[in-house]
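In the text below, chain A, chain B and the rest are named by the order of the sequence lines, each starting its count at 1.
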Amino acid sequence: MDIELKHIAKRSENLSDWYTDVILKGELADYAPVRGCMVYREYGYAIWERVKKLLGQRIIDAGHQDVYYPLLIPRSLLMKEAEHIEGFSPEVAWVTIGGGEKLAEPLAIRPTSEVIIGTMWAKWIGSYRDLPILQNQWANVVRWEKATRPFLRTLEFLWQEGHTAHRTENEAREETRLILDIYRDFAVDDLSMAMLAGKKSDSEKFAGAVETYAIEGMMPDGKALQCGTSHFLGQKFAKAFEIKFLDDDNTEKLVWTTSWGVSHRIVGGLIMQHGDDNGLILPPRVAPVQVVIVPILYDETKAQVLEAAQKLGLLLKSHSVFDEPLRVHADLDETTTPGFKFSKWELKGVPVRLEIGPKDLAKSQVMAVTRDDRAKRTLAFDPGAGTFELEALTGLLAGVQQRLRERASQELSSRLFKVESFDEFKETVTGKGFAVAAWDGTDETEAAVKEATSATVRVLKKGVTSGKVACIYSGRPARYIAYWGQSY
RNA sequence: CGGGGUGUGGCGCAGUCCGGUUAGCGCGCCUGCUUUGGGAGCAGGAGGUCGUGGGUUCGAAUCCCGCCACCCCGACCA
């Protein structure tokens, strides 16, 4: 049966409008009365809380501990690392008045926390025995962006920023790559997303980094979205902030540091990679509501059906899926029709819906519908005996999680194009996806390509080429094979 | 930040060009009855001073200027 979708734009026709519609009408977020800022509503914040839980656990499991540093950073600290301030100064917001008086020294609202953290580390680190330092903070930061979009780019955003200090270069480099793996695994396993992971070109590096690695997702409009970055900072910040330690050979050395972050932008990527014309499709691991129960109410049977729906809800709440209590919501509202509820929860992307009506009750079953493929099947449920096919439900949830992952993976594969000519290159990066193309490795070439196509190197493919391949733009011997694309 | 567009009950819009009684419509909302397995129907009702500040005028949603916000394209960025 056809569904009338008068309320949201079609994802297949207008991704941009669809994106805004599902966020506003799905009640994830709303625009705040401050330019470029958004309010996370209950459902949207719940998704972020899931990200915090799942990614946070991976970070903790890798040996890091959570901390919290101040929001405000004295100007003098921010100025200490030259590349860092050069990169960030255009987008820093400043506090110049406090308590009604002009401040002697302006305070920056943190755009990121390297400098204030480095300052404290210089105080805390004395010996090699104090290393490594493995910290993570969940925080908000402000970057004065010119153009904003919910989740993808906002003036204030929520993120996780990790900061580590190490005794040796090698250890810090390993940390950088470990985090990249954690980010990729989190995106793939928990969010069912598809990502390219690799090193950034110099021009795309973090301000103050020696090397930057990133995970990059591909969106349905053919544009890339950077979803997480991991930076090897070398000794640049250690030098600027004099973060030194006495090694076991009794000589004073500078530490090696890293920093890395995933922001709420990844929620924007999650939304875009998984939806359909009916709204969001959330992978069960991150879905705030994994199962919604919709009772089908008629006057004569209302009482029994409501009671059964409630019982089912309680039963499911005590069940665990993916090692966590099942997140179930029984939508017992008697003032809206079942059809309305179906659409509403589909818009919100709930992975599994359980319908229970008089016909089901008579047959001791419920109707289960999976969000991604809308497949229907019955599951045995006996309210009297309190029995339900819990394992089958777990299987349905696992199935959604896996199908989404496979679909995203196929979608990414279908958007990788090996290109041999610059014409092909241009066509690919304007709406099709990633161009996999040889690059001579120079800033000039990357800048020229960006000028001509607005595409940049998103990440480099591993390894250096033999030099026999010609750069897609300059024709000179290539140093790298790169994934190029236009980005958000 | 440059170019383009938009701003009128909660949402989507008409009205603006060419100023003139009580600013309309659809959806939503409230009440009642009938409904309820894919966004229910009928009846009644509430709700806006036209983004905002100034100006022109006897009179401004409508004309002029400033500002703000949002959308699209570009530049910049997680």
Side-chain angles (χ1 to χ4, degrees), chain A residues 1-9 14-17 19-21 24-25 30-38 87-92 111-112 140-161 183 200 203-207 212 214-217 224-231 259-269 278-279 294-302 305-306 333-347 353-362 366-367 369 374 376 378 450-451 454 456 458 486-488:
Chain A
M1 206 173 297
D2 272 353
I3 288 146
E4 195 188 5
L5 282 167
K6 49 191 172 187
H7 298 306
I8 64 170
N14 187 337
L15 182 72
S16 183
D17 285 353
Y19 179 77
T20 310
D21 279 348
L24 296 178
K25 291 173 179 163
D30 202 353
Y31 294 103
V34 192
R35 182 187 82 81
C37 293
M38 58 185 256
F88 278 107
S89 64
E91 51 190 48
V92 171
T112 179
N140 58 337
V141 293
V142 168
R143 298 184 187 176
W144 216 260
E145 301 289 351
K146 311 268 166 93
T148 59
R149 295 203 69 192
F151 292 109
L152 300 179
R153 191 180 302 102
T154 48
L155 285 205
E156 179 188 6
F157 61 90
L158 300 181
W159 76 346
Q160 145 296 297
E161 53 177 322
Y183 284 168
K200 285 282 186 186
S203 71
E204 296 277 318
K205 253 175 12 184
F206 173 75
T212 288
I215 53 170
E216 290 268 340
L225 184 72
Q226 181 170 304
C227 291
T229 47
S230 182
H231 316 292
S259 70
W260 26 277
V262 160
S263 77
H264 73 206
R265 169 182 277 188
I266 203 165
V267 174
N278 296 323
V294 178
I296 314 297
L297 304 173
Y298 296 90
D299 274 347
E300 321 80 65
T301 50
K302 184 180 275 182
V305 171
L306 273 177
D333 185 353
E334 294 180 40
T335 67
T336 52
T337 61
F340 180 85
K341 292 177 184 174
F342 297 166
S343 303
K344 170 182 167 181
W345 294 108
E346 277 177 2
L347 173 60
R353 177 176 78 237
L354 298 179
E355 303 171 19
I356 178 162
K359 293 178 209 163
D360 302 302
L361 218 49
V366 299
M367 186 66 72
V369 187
R374 297 183 145 208
K376 292 192 173 188
T378 57
K450 186 174 183 182
E451 177 69 30
S454 82
T456 52
R458 300 322 302 159
Q486 291 183 342
S487 72
Y488 268 90

**OP:** Look through every strand shown and name the nucleotide pairing with B:rG9 as Watson-Crick or G-U wobble, where both distances are under 3.5 Å.
**Re:** none

Subject >> Phosphate-side-chain proximity, A:Lys450 and B:rC76, N/O vs OP1/OP2 below 4.0 Å >> reply: yes

**OP:** In plain terms, say whether A:Lys200 and A:Glu216 are close enough for a salt bridge, that is, a side-chain N and a carboxylate O under 4.0 Å apart.
**Re:** yes

Original post:
So which nucleotide from B:rU35, B:rA78, B:rG37 ends up closest to the side chain of A:Thr154?
Top reply: B:rA78

Original post:
Of the nucleotides B:rA78, B:rG38, B:rC72, which has the atom closest to the A:Ser263 side chain?
Top reply: B:rA78

**OP:** Select base, sugar-phosphate, or nothing to describe what A:Pro358 touches, counting heavy atoms under 4.0 Å on all strands.
**Re:** base

Subject >> Side-chain H-bond candidate by donor/acceptor type, A:Asn14 with A:Ser16, under 3.5 Å >> reply: no

Subject >> B:rA78 phosphate, OP1 or OP2, under 4.0 Å from A:Thr229 side-chain N/O >> reply: no

Original post:
Under the 3.5 angstrom rule, does the side chain of A:Thr212 hit a backbone N or O of A:Phe206 as a donor-acceptor pair?
Top reply: yes

**OP:** Any strand is fair game: report the nucleotide pairing with B:rU16 by Watson-Crick or G-U wobble, both distances under 3.5 Å, or none.
**Re:** none

Subject >> B:rG32 - base-pair partner by Watson-Crick or wobble geometry, distances under 3.5 Å >> reply: B:rC42

Original post:
Would one find a side-chain N or O of A:Arg153 under 4.0 angstrom from OP1 or OP2 of B:rC76?
Top reply: no

**OP:** Anything under 30° is parallel, anything over 60° is perpendicular, the rest tilted; go ahead and classify A:Tyr183 against A:Trp260.
**Re:** perpendicular

Subject >> Mate of B:rC63 where both pairing distances stay under 3.5 Å, Watson-Crick or G-U >> reply: B:rG55

Original post:
Does B:rC72 have OP1 or OP2 sitting under 4.0 Å from an N or O in the side chain of A:Ser16?
Top reply: yes

